[in-house]
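Here the structure comes first, spelled out in structure tokens, and everything after it is commentary.
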Amino acid sequence: MPATRLTLPSPAKLNLMLHILGRREDGYHELQTLFQFLDYGDEITYAVRDDGVIHLHTAFEGVPHDSNLIVKAATKLQEQSGCSLGVDIWIEKILPMGGGIGGGSSNAATTLLGLNHLWQLGWDEDQLATLGLTLGADVPVFVRGHAAFAEGVGEKLTPVDPEEPWYLVLVPQVSVSTAEIFSDPLLTRNSSPIKVRPVPKGNSRNDCLPVVTRRYPDVRNALNLLGNFTEAKLTGTGSCVFGGFPSKAEADKVSALLTETLTGFVAKGSNISMLHRKLQSLL
Ligand SMILES: C[C@@](CO)(OP(=O)(O)O)[C@H](O)COP(=O)(O)OP(=O)(O)OC[C@H]1O[C@@H](n2ccc(N)nc2=O)[C@H](O)[C@@H]1O
Ligand SMILES: Nc1ncnc2c1ncn2[C@@H]1O[C@H](COP(=O)(O)OP(=O)(O)O)[C@@H](O)[C@H]1O
């Protein structure tokens with residue numbers, strides 16, 4: 001009997017660097033970025049229904065049911081595969097929204113992989129990544145599940161294996177709109193493409209940082225505080241900032257000092273996403 005119910009992790013990502021090379025005619029920006037996963041994320045439960053209905057039972061503040069990336073992913077997969085089954089979905093949401101750690105994109109990717117399994121569609125990763133890209137620029141890397149150097153708008157992926165330190169991630173209590181940062185006239189849009197692989201040291205900057213820190217003093221403050229202990233970086237368009245540590249104990253020590261005034265969490269960096277590790281264990 002095939003499984004009819006499944007609980008899967010939906011991990012966060014970090015952008016270890018992010019360069020903006022230019023703007024395309026459609027307004028999207030050409031990037032070069034390095035994605036790594038965190039062993040930290042949401043947990044989503046799926047239960048197959050035979051009436052074709054897709055129902056997300058967990059309400060999200062400010063996100064209507066049909067606009068939720070989980071529902072959008074399930075609906076598109078159902079339409080494109082011609083599947084007659086439906087699904088009930090519950091999520092334990094711990095990832096902050098608009099934090100630059102990719103929660104929405106990750107939820108969409110987990111849903112594509114989870115329903116491909118439960119609905120027994122037999123789609124391959126290329127098909128799921130192509131559908132995923134129509135939902136968001138960051139969805140394909142979560143579908144692939146391997147740390148990657150990304151180009152284009154984030155869809156041209158080359159797997160990489162950077163170090164896997166422990167990270168302290170600070171979560172300023174502001175939500176940053178990706179579209180707002182990318183439309184700022186002051187954004188750097190002319191970084192030179194990196195042509196050498198692996199990406200040479202000294203390229204770890206995030207081109208969004210000057211614009212984000214100008215607009216969001218809370219993000220600037222978090223970067224300054226964390227910068228007293230380690231190299232502090234912005235992920236994506238923020239708001240989260242992060243720094244790496246050689247051990248959990250060291251990350252915990254700094255966390256204890258900083259989280260008196262700021263929210264944050266400690267998590268291990270991972271080059272294979274915990275979603276893929278879990279799916280592998282089901283085979
Ligand atoms: C910048 C990155 C880096 O990981 O991170 P986040 O901070 O959002 O996580 C992403 O590429 C974001 O991807 P994602 O969050 O999926 O963006 P989308 O929903 O596709 O796009 C939101 C809006 O941002 C702008 N946008 C996004 C990506 C891109 N390469 N160029 C853009 O100009 C567009 O105006 C688009 O309408
Ligand atoms: N399942 C979802 N989880 C998070 N955000 C979602 C989801 N579905 C839709 N959204 C919308 O997508 C926006 C970006 O969310 P998210 O991916 O968490 O941020 P970021 O791209 O900054 O990492 C949210 O502010 C929210 O309006």
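Counting starts at 1 for both ligands and their atoms, in listed order. Keep in mind that this is a model prediction, so the values were computed, not measured.
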Shortest protein contact, [atom] (heavy atom only):
{"atom": "atom 29 (C) of ligand 1", "result": "Tyr28 CD2, 3.5 Å"}
{"atom": "atom 8 (N) of ligand 2", "result": "Leu69 N, 2.9 Å"}
{"atom": "atom 25 (C) of ligand 1", "result": "Phe182 CD1, 3.7 Å"}
{"atom": "atom 14 (C) of ligand 2", "result": "Gly98 N, 4.2 Å"}
{"atom": "atom 2 (C) of ligand 1", "result": "Asp138 OD2, 3.8 Å"}
{"atom": "atom 23 (O) of ligand 2", "result": "Gly102 N, 2.6 Å"}
{"atom": "atom 16 (O) of ligand 1", "result": "Ala137 N, 3.0 Å"}
{"atom": "atom 8 (O) of ligand 1", "result": "Thr178 OG1, 2.7 Å"}
{"atom": "atom 22 (O) of ligand 2", "result": "Gly100 N, 2.9 Å"}
{"atom": "atom 5 (N) of ligand 2", "result": "Met97 SD, 3.3 Å"}
{"atom": "atom 17 (O) of ligand 2", "result": "Gly104 N, 2.8 Å"}
{"atom": "atom 31 (N) of ligand 1", "result": "His29 N, 2.8 Å"}
{"atom": "atom 19 (O) of ligand 1", "result": "Gly136 CA, 4.6 Å"}
{"atom": "atom 21 (O) of ligand 2", "result": "Thr178 OG1, 4.2 Å"}

Which ligand 2 atoms, with their elements, are less than 4.0 angstrom from a heavy-atom of [X]?
{"X": "Ile70", "answer": "1 (N)"}
{"X": "Ile101", "answer": "23 (O)"}
{"X": "Phe60", "answer": "1 (N), 2 (C), 3 (N)"}

Practice task
Determine the interplanar angle of the His65 and His55 rings, folded into 0 to 90°, and report it as parallel if under 30°, tilted if 30 to 60°, perpendicular if over 60°.
Solution key: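 Judged by the thresholds at 30° and 60°, the geometry between His65 and His55 is tilted.
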Handout entry: Mutual orientation of the aromatic rings belonging to Phe142 and Phe37 [parallel < 30°, tilted 30-60°, perpendicular > 60°]
Key =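 Phe142 and Phe37: tilted rings.
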Handout entry: side chain to side chain contact (heavy atoms under 4.5 Å, CB included) evaluation trace for Arg5 with Tyr46
Key = CA-CA 6 Å; Arg5 195 182 176 92; Tyr46 305 91; over 6 Å; no
Practice task
Flag yes if more than 12 heavy atoms outside Asp124 fall under 6.0 Å of its CG atom; otherwise flag no.
Solution key: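 More than 12 heavy atoms, drawn from other residues, nucleotides or ligands, come within 6.0 Å of this atom.
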Practice task
Please say whether more than 12 non-hydrogen atoms of neighbouring residues, nucleotides or ligands are located less than 6.0 Å from CD in Glu92.
Solution key: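 Not buried by this count: 12 neighbours or fewer within 6.0 Å.
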Quick check on [X] - does any of its heavy atoms sit under 4.0 Å from an atom of ligand 1?
{"X": "Lys13", "result": "yes"}
{"X": "Thr33", "result": "no"}
{"X": "Leu135", "result": "no"}
{"X": "Gly27", "result": "yes"}

Practice task
Examine the proximity of ligand 1 to Ile101 and report which part, side chain or backbone, both or neither, has a heavy atom under 4.0 Å away.
Solution key: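 None of Ile101 does.
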Practice task
Check each heavy atom of Leu31 against ligand 1 and say whether those closer than 4.0 Å belong to the side chain, the backbone, both or neither.
Solution key: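 Contact part for Leu31 vs ligand 1: side chain (C-beta onward).
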Handout entry: Co-membership, hydrophobic cluster, residues Val141 and Ile272, 4.5 Å side-chain
Key =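 No; tracing contacts between hydrophobic side chains, which count when under 4.5 Å, never links both residues.
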Using a strict cut-off of less than 4.0 Å between a Lys/Arg side-chain nitrogen and an Asp/Glu carboxylate oxygen, indicate whether [X] and [Y] qualify as a salt bridge.
{"X": "Asp66", "Y": "Lys72", "result": "no"}
{"X": "Asp184", "Y": "Arg189", "result": "no"}
{"X": "Glu125", "Y": "Arg144", "result": "yes"}
{"X": "Arg205", "Y": "Asp207", "result": "yes"}
{"X": "Arg49", "Y": "Asp88", "result": "yes"}

Taking 4.0 angstrom as the limit and counting only heavy atoms of [X], give me the atoms of ligand 1 inside it, by number and element.
{"X": "Leu18", "answer": "3 (C)"}
{"X": "Phe35", "answer": "4 (O)"}
{"X": "Gly236", "answer": "5 (O), 7 (O)"}
{"X": "Gly100", "answer": "7 (O), 9 (O)"}

What part of [X], side chain from CB on, backbone N/CA/C/O, both or neither, has a heavy atom under 4.0 Å from ligand 2?
{"X": "Asn68", "answer": "both"}
{"X": "Thr237", "answer": "neither"}
{"X": "Asn107", "answer": "side chain"}

Practice task
State whether the shortest distance between N or O atoms of Val63 and N or O atoms of ligand 2 falls below 3.5 angstrom.
Solution key: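 The answer is no, given that Val63 and ligand 2 share no N or O pair closer than 3.5 Å.
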Donor-acceptor pair, distance only, cut-off 3.5 Å: does the side chain of [X] make one with the backbone of [Y]?
{"X": "Asp42", "Y": "Ile94", "answer": "yes"}
{"X": "Gln36", "Y": "Glu163", "answer": "yes"}
{"X": "Ser10", "Y": "Gly41", "answer": "no"}
{"X": "Lys93", "Y": "Ala59", "answer": "no"}

Practice task
Just go through Gly238, Ala179, Ala150 and tell me whose heavy atom is the nearest to atom 35 (O) of ligand 1.
Solution key: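 Looking at heavy atoms only, Ala179 sits closest to atom 35 (O) of ligand 1.
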Handout entry: Heteroatom distance test (Asn15, ligand 1): nitrogen or oxygen, under 3.5 angstrom
Key =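 For ligand 1, there is an N or O atom that lies under 3.5 Å from one belonging to Asn15.
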When you check the side-chain N and O atoms of [X] and [Y], is any donor under 3.5 Å from an acceptor?
{"X": "Asn206", "Y": "Asn15", "result": "no"}
{"X": "Asp218", "Y": "Gln173", "result": "no"}
{"X": "Thr130", "Y": "Gln127", "result": "no"}
{"X": "Glu43", "Y": "Thr7", "result": "no"}

Exercise for the section: Determine the minimum heavy-atom distance between Met97 and Ser175, stating which atoms define it. Expected result: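 Heavy atoms of Met97 and Ser175 come nearest at O-OG, 3.4 Å.
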Practice task
Can you see which heavy atom on Ala222 is nearest to which on Leu170, and at what distance?
Solution key: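 Nearest pair, atom of Ala222 first, then Leu170: O-CD1, 3.8 Å.
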Practice task
Ignoring hydrogens, tell whether any protein atom lies closer than 4.0 Å to atom 33 (O) of ligand 1; use the non-hydrogen atoms only.
Solution key: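 It does: a protein heavy atom is found less than 4.0 Å away from atom 33 (O) of ligand 1.
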Handout entry: Non-hydrogen protein atom less than 4.0 angstrom from atom 2 (C) of ligand 2
Key =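 Yes, there is a protein heavy atom closer to it than 4.0 Å.
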Handout entry: Within-shell test, Ser175 vs ligand 2, heavy atom, strictly < 4.0 Å
Key =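 No; Ser175 lies far enough from ligand 2 that no heavy-atom distance drops under 4.0 Å.
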Exercise for the section: Please confirm whether Lys72 comes under 4.0 Å of ligand 2, counting heavy atoms of the residue only. Expected result: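 Contact check Lys72 vs ligand 2: negative.
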